[in-house]
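Have a look at the structure below, then the notes.
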Amino acid sequence: MTTTTLLDVRGVTMRFGGLTAVNQVDLTVGQGEIIGLIGPNGAGKTTFFNCLTGLYVPTEGTVSYRGTILPPKPHLVTRAGIARTFQNIRLFANMTVLENVLVGRHTRTREGLLSAVLRGPGYRRAEAESREKAMELLEFTGLAAKADHLSRNLPYGEQRKLEIARALASDPGLLLLDEPTAGMNPQETRAAEELVFAIRDRGISVLVIEHDMRFIFNLCDRTAVLVQGQKIVEGDRETVQSDERVITAYLGAPFDGTGSTASEAEK
Ligand SMILES: Nc1ncnc2c1ncn2[C@@H]1O[C@H](COP(=O)(O)OP(=O)(O)OP(=O)(O)O)[C@@H](O)[C@H]1O
Ligand SMILES: [Mg+2]
């Protein structure tokens, strides 16, 4: 079976002064795939995401999406079809849950500023559609009953779900999740697994960073391991778990499926 390649990362390197945080990383994500990215703290996982989404301009390498090299500008990356969540939750704390999703929708509405100021029929139609779409995403993520709550009043696990709803509002073809279950209890984590499968079933590919090995190996078609900025191995569960370099990198921490190998839920 051949899958269409959505994301094609070639030789991405990110240096900060003398530190090479990401070193010559290649990675592909195909249509309909869920791909995992794991590695010890400080391995360069978030930096790699920042290189994919235009927050950082890679020192070397290219990031292509659907066959086109992406310019390193976050709004252009979003418009091309890549959305993300953040390891440190970035919601508008004093806006409602619904409003936060509407912000995510913004990149997809064609109505410009003038139209918004004049509040003409085009604007009203676009706004009604955006609200409908935002409410649908809140239903999908299980947050509809909290649409009018301020996001800062949501429990932590629900804030993570809201970040996902907001990312989905830009109609991505690829969703990047940076530690989506950090701070969640086991029950919320299982629900998050189901949510990721449901996202994939909508035709959205997923690239996910996690420390929770059970979560990763339950979900992912392939998993890549970053250690000190380098991708040392990539493959299925057996390939990754039996790799000596991976075991050494995690200082012998066993991949026994009991969950997190790292205790840093909050960063
Ligand atoms: N803007 C920056 N300037 C300088 N160094 C940075 C910057 N961003 C990240 N780094 C460094 O790059 C390395 C990789 O950090 P990164 O946050 O990508 O790791 P990570 O794999 O996401 O770790 P964690 O699992 O703890 O989230 C670290 O040594 C970090 O200090
Ligand atoms: Mg990180």
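Numbering of ligands and ligand atoms starts at 1, following listing order.
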- [ ] Please state whether Phe48 comes within less than 4.0 angstrom of ligand 1, counting heavy atoms only.
- [x] no
TODO: Please identify which atoms of ligand 1 are closer than 4.0 Å to at least one heavy atom of Ala43.
DONE: 19 (O), 20 (P), 21 (O)
Open item on the list: Quick test of your reading of the model: are Lys161 and Glu158 salt-bridged, counting only N-O distances below 4.0 Å?
Closed with: no
Open item on the list: Please check whether Phe16 reaches ligand 1 - meaning an N/O of the residue sits under 3.5 Å from an N/O of the ligand, judged on distance alone.
Closed with: no
Open item on the list: Looking at ligand 1, is there an atom of it that comes within less than 4.0 Å of some heavy atom belonging to Gly39?
Closed with: no
Task: Beyond-backbone contact of Leu207 with Leu52, side-chain heavy atoms, under 4.5 angstrom - done: yes
Open item on the list: One thing to verify: whether Arg15 and Glu60 come together as a salt bridge, which I'm taking to mean a side-chain N less than 4.0 angstrom from a carboxylate O.
Closed with: yes
- [ ] Tell me whether Thr47 has at least one N, O or S atom under 2.8 Å from the Mg ion (ligand 2).
- [x] no
Open item on the list: I'd like to know if the Mg ion (ligand 2) has an N/O/S atom from Asn41 within less than 2.8 Å of it, counting both backbone and side-chain atoms.
Closed with: no
Open item on the list: Under a 4.0 Å threshold between the charged nitrogen and the carboxylate oxygen, would Arg202 count as salt-bridged to Glu136?
Closed with: yes
- [ ] Check ligand 1 against Tyr56 and write out every atom of the ligand that is under 4.0 Å from a heavy-atom position of the residue.
- [x] 1 (N), 2 (C), 7 (C), 8 (N)
TODO: Mark up the atoms of ligand 1 that fall under 4.0 Å of a heavy atom belonging to Glu179, in ascending order.
DONE: 25 (O), 27 (O)
Task: Check: Ala21 N/O within less than 3.5 Å of ligand 1 N/O - done: no
TODO: Provide the number and element of each atom of ligand 1 under 4.0 Å from a heavy atom of His211.
DONE: 25 (O)
Open item on the list: Using a 4.0 Å cutoff against the non-hydrogen atoms of Leu19, which atoms of ligand 1 qualify?
Closed with: 11 (C), 12 (O), 29 (O)
- [ ] Could you tell me whether the side chains of Asp236 and Thr239 share a donor-acceptor contact shorter than 3.5 Å?
- [x] yes
Open item on the list: I want to check something: taking the side chain as every heavy atom from C-beta on, are Arg214 and Arg190 in contact at a cut-off of under 4.5 Å?
Closed with: yes
Open item on the list: Distance alone, cut at 3.5 Å: any donor-acceptor contact between the side chains of Arg84 and Thr53?
Closed with: yes
Task: Arg200 CZ to Asp221 CG distance, which is reported to the nearest 0.5 Å - done: 6.0 Å
